[in-house]
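Note that the coordinates shown come from a computational prediction; the quantities given were computed from them, not determined experimentally. Count residues from 1 along the sequence.
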Amino acid sequence: MSIAGLIVSFIIVIAFLAWVLAPLFMRGGDQPAMTSTIERHRDRLTVYYGRVLRNLHDLDEDFATHKLNEDEYTVEREQWVQRGVAVLKALDELDGQHLLTDEHADDATIDSAIDSAIESAIQDYRTQTESTLS
């Protein structure tokens with residue numbers, strides 16, 4: 001191999017290594033900022049809402065294929081609809097207020113805050129429904 005060939009090969013190897021290793025050393029606009037507590041709340045609520053929708057779809061499918069009787073279907077569907085409504089309300093309230101103020105809250109704390117918000121919304125809904133039926 002000639003000297004010119006070695007120099008070109010060396011330049012290509014250096015350029016390739018720089019291209020591969022550059023993201024490891026770059027900081028700034030390309031790196032996403034650390035997710036805030038609000039974003040984590042929103043993400044978890046969105047995931048939970050997706051689970052609610054999947055469960056409702058599965059319930060509808062089970063009822064359509066006669067795997068569930070009408071009484072069980074009605075009760076379970078109402079429970080999942082209530083959870084879905086509670087999640088949507090929590091997502092709406094999340095825009096106006098923060099469930100947690102600590103930016104470094106761990107996932108267990110976020111999950112418990114979401115669970116308590118959902119349970120509170122379900123209890124409010126049940127209270128409203130009972131007062132309407134009375």
Side-chain angles (χ1 to χ4, degrees):
M1 207 180 224
S2 68
I3 298 286
L6 287 174
I7 292 173
V8 170
S9 298
F10 182 71
I11 291 173
I12 290 173
V13 169
I14 295 296
F16 177 75
L17 287 175
W19 179 70
V20 169
L21 297 176
L24 297 176
F25 298 109
M26 294 180 99
R27 293 185 186 247
D30 293 340
Q31 295 292 328
M34 196 170 170
T35 53
S36 70
T37 304
I38 296 169
E39 291 169 350
R40 288 191 292 170
H41 276 293
R42 185 173 287 114
D43 290 344
R44 288 179 182 273
L45 284 169
T46 304
V47 167
Y48 187 77
Y49 186 68
R51 187 182 328 154
V52 167
L53 292 178
R54 279 191 309 276
N55 286 341
L56 284 170
H57 175 74
D58 291 344
L59 276 173
D60 291 341
E61 191 174 290
D62 287 347
F63 181 67
T65 58
H66 303 293
K67 291 181 183 178
L68 285 174
N69 64 31
E70 189 171 351
D71 294 335
E72 291 174 342
Y73 169 75
T74 305
V75 169
E76 285 190 46
R77 187 165 188 5
E78 181 61 30
Q79 289 174 348
W80 283 107
V81 167
Q82 289 176 3
R83 290 176 185 163
V85 167
V87 169
L88 289 176
K89 284 182 181 179
L91 281 169
D92 286 341
E93 291 176 3
L94 191 61
D95 292 332
Q97 62 183 350
H98 306 297
L99 292 176
L100 294 173
T101 58
D102 184 14
E103 286 294 323
H104 303 291
D106 61 346
D107 290 342
T109 308
I110 292 171
D111 287 342
S112 66
I114 290 171
D115 288 341
S116 65
I118 290 171
E119 290 300 322
S120 172
I122 289 173
Q123 289 299 328
D124 291 343
Y125 176 79
R126 285 182 181 161
T127 304
Q128 291 174 355
T129 304
E130 289 173 0
S131 65
T132 305
L133 293 176
S134 299

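Taking the ring centre of W80 as origin, the terminal cationic atom of R83 falls inside the region bounded by 6.0 Å and 45° from the ring axis.
In this structure a side-chain-to-backbone donor-acceptor pair under 3.5 Å is missing from S120 to S116.
Hydrophobic clustering keeps I118 apart from V47 (ILVMFWY residues linked when any side-chain heavy atoms are closer than 4.5 Å, directly or through intermediates).
Rounding to the nearest 0.5 Å places OH of Y73 at 10.0 Å from CG of D62. Here T46 contributes atom OG1 and L88 contributes atom CG; the two are 9.5 Å apart, rounded to the nearest 0.5 Å.
For D124, the salt bridge (charged side-chain N to carboxylate O under 4.0 Å, His left out) criterion is met by no residue, not counting sequence neighbours. For D115, the side chain to side chain donor-acceptor pair (under 3.5 Å) criterion is met by no residue, not counting sequence neighbours. Evaluation of the ring-ring contact (aromatic ring centres under 6.0 Å, His included) rule for Y49 yields no partner, not counting sequence neighbours. For I12, the side chain to side chain contact (heavy atoms under 4.5 Å, CB included) partners at least two apart in sequence or on another chain are V8. With sequence neighbours left out, R51 forms a side chain to side chain contact (heavy atoms under 4.5 Å, CB included) with Y48, R54, N55. Annotation: side chain to side chain contact (heavy atoms under 4.5 Å, CB included) contacts of N69 (sequence neighbours excluded): D71, E72. With sequence neighbours excluded, the residues satisfying side chain to side chain contact (heavy atoms under 4.5 Å, CB included) with T74 are E70. By the side chain to side chain donor-acceptor pair (under 3.5 Å) test, E76 pairs with no residue at all, sequence neighbours left out. Judged as a salt bridge (charged side-chain N to carboxylate O under 4.0 Å, His left out), and not counting sequence neighbours, the contacts of R44 are D107, D111. E78 pairs by the side chain to side chain donor-acceptor pair (under 3.5 Å) definition with Q82, Y125, not counting sequence neighbours.
Between L45 and V87 the shortest heavy-atom distance is O-CG1, 3.4 Å.
The other members of the hydrophobic cluster of I14, by chain and number, are F10 (side-chain heavy atoms under 4.5 Å, ILVMFWY only).
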**Item:** Verdict with reasoning, D60 to R77, per side chain to side chain contact (heavy atoms under 4.5 Å, CB included)
**Value:** CA-CA 8 Å; D60 291 341; R77 187 165 188 5; 3.3 Å; yes
